[in-house]
Amino acid sequence: MLDIKFIRENPETVKKGIAKKYNNVNIDKVIKLDNRRREIIREVEKLKAKRNQVSGEIAKKKRAGESAEEDILAMRQTGEKIAAGDERLKNVENELNELLKWIPNLPHESVPVGKDESANVVVRQWGEVTQKDFKVLPHWEIGKKLGILDLEAAAKLSGSGFYLLKGLGARLERALINYMLDIHTKEGFVEIAAPFIVTENTMFGTGQLPKMAEDMYKTEDDNMYLIPTAEVSLTNTYKQQIIDYKELPIYMVGYSPCFRREAGAAGKDTRGMIRVHQFDKVEMVKIVRPEDSYHELETLVQEAEKIIQNLNIPYRVVTLASGDLSFAAAKCYDLEIWSAGMEKYLEISSVSNFEDFQARRMNCRFRDEDKKVKYPHTLNGSGVALARLIPAILENYQNEDGTISIPKVLKPYMDGWERIS
RNA sequence: GGAGAGGUGGCCGAGCGGCUGAAGGCGCACGCCUGGAAAGCGUGUAUAGGUAACCCCUAUCCAGGGUUCGAAUCCCUGCCUCUCCGCCA
C-alpha cells in the first residue's frame with residue numbers, strides 16, 4: 001500500500017512509477033476522492049465536536065436539575081446530520097480504498113525499466129556451464145528411470161501439475177530442507193513453523209490479494225487460503241503490531257509447501273516438476289530498518305546464493321525489469337540455476353525488497369529510539385525452491401552410467417548414501 | 001461439536017450511561033537526591049485521522065451493527081482466549 005499522503009504530494013512520481021509496472025490505476029481519481037474524503041471529514045468532525053460539547057452541557061444541566069429539552073432536540077437533529085455525513089464518508093472511503101489496494105509498489109530507481117523478462121539484467125554469473133561428454137537426461141527421464149520421481153502416480157492422485165518423490169528422491173528433498181534450514185539458522189535466521197492456511201486479511205498483508213486471487217487455492221467453507229509461499233505466514237507474523245526498535249532486524253526462515261493454481265500458465269513448462277501446483281520451499285524473511293533495506297537485500301541474495309554455491313551448481317543473478325516485478329516489490333533479484341538436462345536457466349529463488357509496502361498493508365510498525373512510530377521495510381527470498389533445485393541436482397550431478405552422485409554437503413543428511421542408482 | 005467464563009493502555013488491573021482517553025499499580029524515560037547505586041521524591045509515558053502545527057478538534061476500551069442528546073459501560077451478531085465434557089492425529 002502506498003501512503004495516501006505521498007500520493008497526494010507526489011502524484012507525478014506515482015504515475016511514472018506505476019507506468020513502469022504497466023499498471024493503470026487512475027491516480028487523478030484517487031486524488032479527487034481523497035480531497036472529497038477530507039472535505040467530508042472536516043464537515044462531520046465539526047458537527048461531532050458540537051455534539052460532544054452540547055452533550056456535556058446537557059449533563060451539567062441535568063445535574064443541576066434544569067431542563068435540557070431544547071438542547072436534546074437540537075442534538076437529535078445534529079445526530080441525524082452526523083449519521084448522513086458518516087454514511088457519505090464511508091462510501092467515499094470504500095471507493096478510495098478499492099483503488100488504493102490495486103496500486104502496486106513503485107520500482108526502485110535502480111531497477112531497469114522494461115516491459116517483461118526480456119529487459120531483465122544479468123548482474124553476475126557463478127560457475128562454469130560446461131558440456132558433459134554424454135547426453136544428460138532431463139530430470140523427469142532420469143527420475144523415472146531411477147524410480148525416485150513418479151509423475152504418473154502424482155497425476156493419479158491429484159491430476160496434472162503435481163509430483164511424487166519416492167525412496168531416495170523423497171529422502172533427497174528432506175535432506176535439502178534440513179540442510180537449507182541448518183545453513184540459514186546458522187546465519188541468525190530464526191526458524192519458524194507457521195500455518196499453511198491463512199485468512200484473507202493475511203493474504204492482503206503481503207500483497208497476494210486482491211491481485212493474485214485467481215492464482216490461489218481457497219477453501220470452500222471457511223474462506224481460507226492455502227499459502228503460495230511461506231513469505232505470507234512469516235511476514236504476517238508481525239502484522240498489526242508495533243515492534244520495539246531493539247528487536248530489529250528480524251530474520252526468519254521457514255519451510256512450507258507452496259500452493260499455486262498457476263492460472264494462466266497452462267501449457268507452459270508442462271514437463272517434469274518445474275511448474276507444479278504444489279512444491280516445497282524454504283523461505284527467508286527480513287524485517288529491517290528502512291535505511292538498511294537495500295543493504296539487507298544484497299546480503300539476502302548472498303544468503304540464497306550460498307546454498308547453490310555449496311551445492312556447486314552454476315547459476316546467475318538477474319535484476320528484474322520494472323514490468324517483470326511483482327505487485328508488492330520495489331526491487332527483485334532472481335537466482336537462476338542451470339538445468340543441464342534442459343540446457344537453460346531456471347528461476348530457483350526470488351529475493352525482493354518491498355520497502356514499506358507490505359508493512360503498511362499489514363499495519364506493522366516499529367517504535368524507534370526517538371519514540372516515533374515508523375514503518376519498517378520487509379524483504380524475502382527463497383532459500384530455495386525445491387521443485388527447481390531437485391531437477392538441477394538430478395541433472396547436474398548425473399553420471400554417464402545413469403546414476404546420480406550425492407552432493408558433498410548433503411551426504412551427512414543422506415544416511416551414508418553416496419549416489420542414487 | 002456441547003456447557004460455562006472472559007476480552008480495557010507495553011503489562012497487571014479499576015471502571016454507577018455524562019465530570020473516563022480512561023483510576024491505581026508495574027514497567028520504561030528524564031530530573032532531584034547519592035561518591036556511585038538502591039530506596040525515596042517529582043515529571044512524563046497510546047495510536048490514527050483532520051491541520052502548516054504532538055495548540056486544537058475527531059475517532060479508538062476485540063470487531064461490526066443497534067438504543068441514546070450522550071456508550072468502555074445497555075442490546076444484538078461475529079471473532080479470539082481460557083476451563084470442563086465429547087471427538088481425534
Side-chain angles (χ1 to χ4, degrees), chain A residues 1-10 30-101 193-205 209 219 221-225 233 236-248 250 257 287 356-376:
Chain A
M1 195 98 89
L2 295 184
D3 183 4
I4 182 66
K5 270 188 194 154
F6 181 81
I7 299 175
R8 190 188 301 153
E9 284 157 19
N10 308 277
V30 168
I31 289 172
K32 213 174 121 192
L33 285 168
D34 175 51
N35 285 333
R36 179 92 187 104
R37 173 185 143 261
R38 288 184 296 149
E39 193 183 301
I40 298 173
I41 286 174
R42 283 193 293 270
E43 229 172 85
V44 173
E45 287 193 349
K46 211 182 284 176
L47 291 172
K48 284 183 179 169
K50 178 80 180 163
R51 180 178 67 184
N52 287 346
Q53 183 214 327
V54 175
S55 288
E57 286 166 17
I58 292 172
K60 263 184 218 155
K61 285 186 186 172
K62 288 217 162 175
R63 247 175 284 136
E66 297 168 27
S67 161
E69 265 316 297
E70 210 171 298
D71 287 337
I72 289 175
L73 282 175
M75 283 310 101
R76 202 169 282 166
Q77 284 195 337
T78 303
E80 280 163 20
K81 277 190 205 158
I82 290 171
D86 277 339
E87 182 67 23
R88 273 186 300 149
L89 181 61
K90 202 167 85 184
N91 291 336
V92 170
E93 278 182 339
N94 285 344
E95 208 179 331
L96 178 62
N97 287 335
E98 190 51 42
L99 288 177
L100 282 179
K101 69 186 186 187
F196 303 148
I197 305 177
V198 300
T199 60
E200 186 172 354
N201 178 267
T202 300
M203 282 294 189
F204 178 82
L209 286 178
T219 68
D221 292 328
D222 304 298
N223 262 336
M224 302 281 279
Y225 289 84
S233 302
N236 278 292
T237 300
Y238 287 89
K239 78 173 180 179
Q240 285 153 22
Q241 77 177 74
I242 299 176
I243 305 164
D244 190 274
Y245 73 94
K246 286 178 197 140
E247 286 182 54
L248 299 180
I250 293 167
I287 300 179
D356 63 7
F357 190 83
Q358 294 182 325
R360 280 180 197 288
R361 291 188 152 234
M362 293 190 293
N363 195 22
C364 164
R365 293 162 297 169
F366 73 98
R367 189 183 306 278
D368 210 347
E369 207 163 356
D370 62 10
K371 302 277 189 200
K372 292 231 170 71
V373 175
K374 302 168 184 172
Y375 287 102

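Values in this document were obtained by computation on a predicted structure and should not be read as measured data. FYI, side chains are in, hydrogens and waters are out, and symmetry mates aren't considered; it's all heavy atoms of this structure. Residue numbers start from 1 in every chain, and the chains themselves are labelled A, B, ... in the order their sequence lines are given, proteins ahead of strands.
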> Between rC69(B) atom C1' and Glu66(A) atom CD, what is the distance in whole Å?
Replying inline: 16 Å
>> Using a strict threshold of under 4.0 Å (side-chain N to carboxylate O), is an ion pair present between Asp86(A) and Lys90(A)?
In response: no
> For rC33(B), what is the paired nucleotide under Watson-Crick or G-U wobble rules, both distances under 3.5 Å?
Replying inline: none
>> In whole Å, measure the gap between the P atoms of rA72(B) and rC61(B) for me.
In response: 6 Å
> Closest nucleotide of RNA chain B for Ala49(A) versus for Ile58(A): which of these residues is on the 5' side?
Replying inline: Ala49(A)
> At what distance, to the nearest 0.5 angstrom, does NZ of Lys246(A) lie from CZ of Arg367(A)?
Replying inline: 11.5 Å
>> Are Lys371(A) and Asp368(A) packed together at the side-chain level, in the sense that at least one heavy-atom pair is separated by less than 4.5 angstrom?
In response: no
>> Please give the distance between the C1' atoms of rU73(B) and rG21(B) as a whole number of Å.
In response: 15 Å
> If you measure from the C1' atom in rC74(B) to the same atom in rC16(B), how many Å do you get, rounded?
Replying inline: 13 Å
> Between Lys101(A) and Glu98(A), is there a salt bridge with N-O shorter than 4.0 Å?
Replying inline: yes
> Using purine N1 to pyrimidine N3 plus N6-O4 or O6-N4 for Watson-Crick, or N1-O2 and O6-N3 for G-U wobble, both under 3.5 Å, which nucleotide pairs with rG86(B)?
Replying inline: none
> Mind checking the C1' distance from rG64(B) to rC56(B)? Whole angstroms is fine.
Replying inline: 31 Å
> Would you say Arg8(A)'s side chain and Asn35(A)'s backbone share a donor-acceptor pair under 3.5 angstrom?
Replying inline: no
> Can a salt bridge be assigned to the pair Lys62(A) and Asp71(A) using a cut-off of 4.0 Å between side-chain N and carboxylate O?
Replying inline: no
> Under 4.0 Å between a side-chain N or O of Asn52(A) and OP1 or OP2 of rU58(B)?
Replying inline: yes
> How does protein contact run along nucleotides 48-53 of chain B, one letter per nucleotide 5' to 3', with B for base contact, S for sugar-phosphate only, - for none, heavy atoms under 4.0 Å?
Replying inline: SBSS--
>> If I take atom NZ in residue Lys246(A) and atom P in nucleotide rG10(B), what distance separates them, rounded to the nearest angstrom?
In response: 16 Å
> Within this structure, what is the NZ-to-P distance between Lys61(A) and rG70(B), rounded to whole angstrom?
Replying inline: 16 Å
>> Using atom C1' in both nucleotides, what's the gap between rC12(B) and rC87(B) to the nearest angstrom?
In response: 37 Å
>> Side chain of Ser55(A) only, heavy atoms from C-beta on: which candidate in rG18(B), rU47(B), rG65(B) is closest?
In response: rG18(B)
> Going by atom types only, do Asn363(A) and Arg360(A) share a side-chain donor-acceptor pair under 3.5 Å?
Replying inline: no
> Say you pick atom P in rG24(B) and the same atom in rU20(B); how far apart are they, in whole Å?
Replying inline: 11 Å
> When the distance from CD of Gln53(A) to P of rC19(B) is rounded to whole Å, what number comes out?
Replying inline: 15 Å
>> I want to verify a distance call: between rA59(B), rG65(B), rG18(B), whose nearest atom is closest to the Arg51(A) side chain?
In response: rA59(B)
> When you compare rA63(B) with rC55(B), how far apart are their P atoms, in angstrom units rounded to a whole number?
Replying inline: 27 Å
> Rounded to the nearest Å, what distance is computed from the NZ atom of residue Lys371(A) to the C1' atom of nucleotide rU47(B)?
Replying inline: 15 Å
>> Taking the minimum atom-to-atom distance to the side chain of Met75(A), which one of rU47(B), rC69(B), rU58(B) wins?
In response: rC69(B)
>> Within the 4.5 Å heavy-atom criterion, are Asp3(A) and Tyr375(A) side-chain neighbours or not?
In response: no
> Using purine N1 to pyrimidine N3 plus N6-O4 or O6-N4 for Watson-Crick, or N1-O2 and O6-N3 for G-U wobble, both under 3.5 Å, which nucleotide pairs with rG44(B)?
Replying inline: rC28(B)
> Is any side-chain nitrogen or oxygen of Arg367(A) closer than 4.0 Å to OP1 or OP2 of rU47(B)?
Replying inline: yes
> In the structure shown, which nucleotide is the Watson-Crick or G-U wobble counterpart of rA5(B), with both distances under 3.5 Å?
Replying inline: rU81(B)
> To the nearest angstrom, how far is Lys60(A) atom NZ from rG70(B) atom P?
Replying inline: 18 Å
> Roughly how far apart, to the nearest Å, are rG25(B) and rC79(B) at atom C1'?
Replying inline: 31 Å
> Taking atom P of rG70(B) as reference, at what distance in whole Å does atom CD of Glu69(A) sit?
Replying inline: 13 Å
>> Arg76(A): which residues meet the salt bridge (Lys or Arg N to Asp or Glu O under 4.0 Å) condition with it, sequence neighbours left out?
In response: none
>> Quick check on Lys374(A): does its NZ atom have over 12 non-hydrogen neighbours (other residues, nucleotides or ligands) under 6.0 Å away?
In response: yes
> If pairing requires Watson-Crick or G-U wobble contacts with both distances under 3.5 Å, which nucleotide is the partner of rG21(B)?
Replying inline: none
> In the structure shown, which nucleotide is the Watson-Crick or G-U wobble counterpart of rU68(B), with both distances under 3.5 Å?
Replying inline: none
>> Does the structure show a Watson-Crick or G-U wobble partner for rG49(B), both distances under 3.5 Å? Name it, or say none.
In response: rC57(B)
>> At 4.0 Å (heavy atoms only), tell me whether Lys62(A) reaches a base, stays on the sugar-phosphate, or touches nothing.
In response: base
> Over how many whole Å does the gap from Glu57(A) atom CD to rC19(B) atom P extend?
Replying inline: 14 Å
> Relative to the 5' end of RNA chain B, which residue comes earlier, Ala59(A) or Leu73(A), by the nucleotide with the nearest heavy atom?
Replying inline: Ala59(A)
